[in-house]
Amino acid sequence: QVQLVESGGGLVQPGGSLRLSCAASGSMFSVAPMAWYRQPPGKQRELVASITHSGRFTSYVDSVKGRFTISRDNAKNTLYLQMNSLKPEDTAVYYCNMALSGVNYWGQGTQVTVSS
């Protein structure tokens, strides 16, 4: 059974930075593609960034390119999202996602609020 636990969210001023972490249980982390999604208030969940199982390839939604960096440490079973130059429109609940054998696993989410 896969469990994903996000942490690192909080309140930050515009222009600030946060680093989200997602700790995964189980032995399949190193072979699974991972992603970060977010759901702004009153809106649908959207894909923010994804990373291949090795970490070699990453992709980003246009709105975060150059500001966010997705990475992973397979030895620690942990996924990261470094968020810089945060904007009010980045306010959302951020979710960690693992896609494994056709099944999507989700964490409980962590709230990120960007406000002065």
Side-chain angles (χ1 to χ4, degrees):
Q1 183 71 13
V2 174
Q3 288 188 328
L4 304 174
V5 179
E6 300 98 335
S7 61
L11 173 64
V12 63
Q13 292 186 340
S17 297
L18 282 175
R19 189 194 196 199
L20 305 184
S21 298
C22 171
S25 65
S27 60
M28 302 304 289
F29 180 82
S30 63
V31 300
M34 298 292 297
W36 287 99
Y37 285 73
R38 67 185 179 186
Q39 187 165 15
K43 296 184 179 180
Q44 291 187 332
R45 193 174 297 189
E46 65 172 353
L47 176 64
V48 175
S50 62
I51 188 168
T52 55
H53 72 282
S54 66
R56 181 177 180 185
F57 297 105
T58 59
S59 64
Y60 300 89
V61 67
D62 285 348
S63 59
V64 308
K65 284 181 179 177
R67 300 189 298 121
F68 290 12
T69 302
I70 188 172
S71 62
R72 63 191 298 162
D73 185 335
N74 286 346
K76 295 182 178 180
N77 275 20
T78 304
L79 177 72
Y80 302 100
L81 185 68
Q82 178 67 44
M83 305 186 295
N84 299 327
S85 302
L86 282 161
K87 304 176 181 180
E89 51 264 43
D90 295 318
T91 295
V93 178
Y94 283 72
Y95 296 91
C96 172
N97 170 269
M98 175 187 287
L100 188 62
S101 300
V103 178
N104 276 296
Y105 298 92
W106 298 93
Q108 83 288 350
T110 185
Q111 175 71 46
V112 172
T113 302
V114 185
S115 175
S116 55

Subject >> Under 3.5 Å side-chain donor-acceptor pair for Ser50 and Ser59 >> reply: yes

**OP:** Report the C-alpha distance between Gln111 and Thr91 in whole Å, list the side-chain angles of each, state the deciding distance to 0.1 Å, and finish with yes or no for side chain to side chain contact (heavy atoms under 4.5 Å, CB included).
**Re:** CA-CA 8 Å; Gln111 175 71 46; Thr91 295; 4.0 Å; yes

Subject >> 4.5 Å side-chain heavy-atom contact, Cys96 and Trp36 >> reply: yes

Original post:
Can a salt bridge be assigned to the pair Lys65 and Asp62 using a cut-off of 4.0 Å between side-chain N and carboxylate O?
Top reply: yes

Original post:
Applying the side chain to side chain contact (heavy atoms under 4.5 Å, CB included) test to Arg38, which of Leu20, Leu81, Asp90 qualifies?
Top reply: Asp90

**OP:** Mark yes or no: Arg72 above the aromatic ring of Phe29, with NZ or CZ under 6.0 Å from the six-membered ring centre and no more than 45 degrees from the axis.
**Re:** yes

Original post:
Is there a donor-acceptor pair under 3.5 Å between the side chain of Ser116 and the backbone N or O of Gln13?
Top reply: no

**OP:** Would you confirm whether Asn74, through its side chain, and His53, through its main-chain N or O, come within 3.5 Å as a donor-acceptor pair?
**Re:** yes

Original post:
Honestly curious: do Met98 and Ile70 fall in one hydrophobic cluster under the side-chain, below-4.5 Å linking rule?
Top reply: yes

Subject >> Under 3.5 Å: donor-acceptor pair, side chain of Thr52, backbone of Phe57 >> reply: yes

**OP:** Take the angle between the ring planes of Phe68 and Tyr94 and call it parallel below 30°, perpendicular above 60°, tilted in between.
**Re:** tilted

Original post:
Just wondering, do Trp106 and Arg45 contact through their side chains at under 4.5 Å, heavy atoms?
Top reply: yes

Original post:
Under the 3.5 angstrom rule, does the side chain of Thr110 hit a backbone N or O of Glu6 as a donor-acceptor pair?
Top reply: no

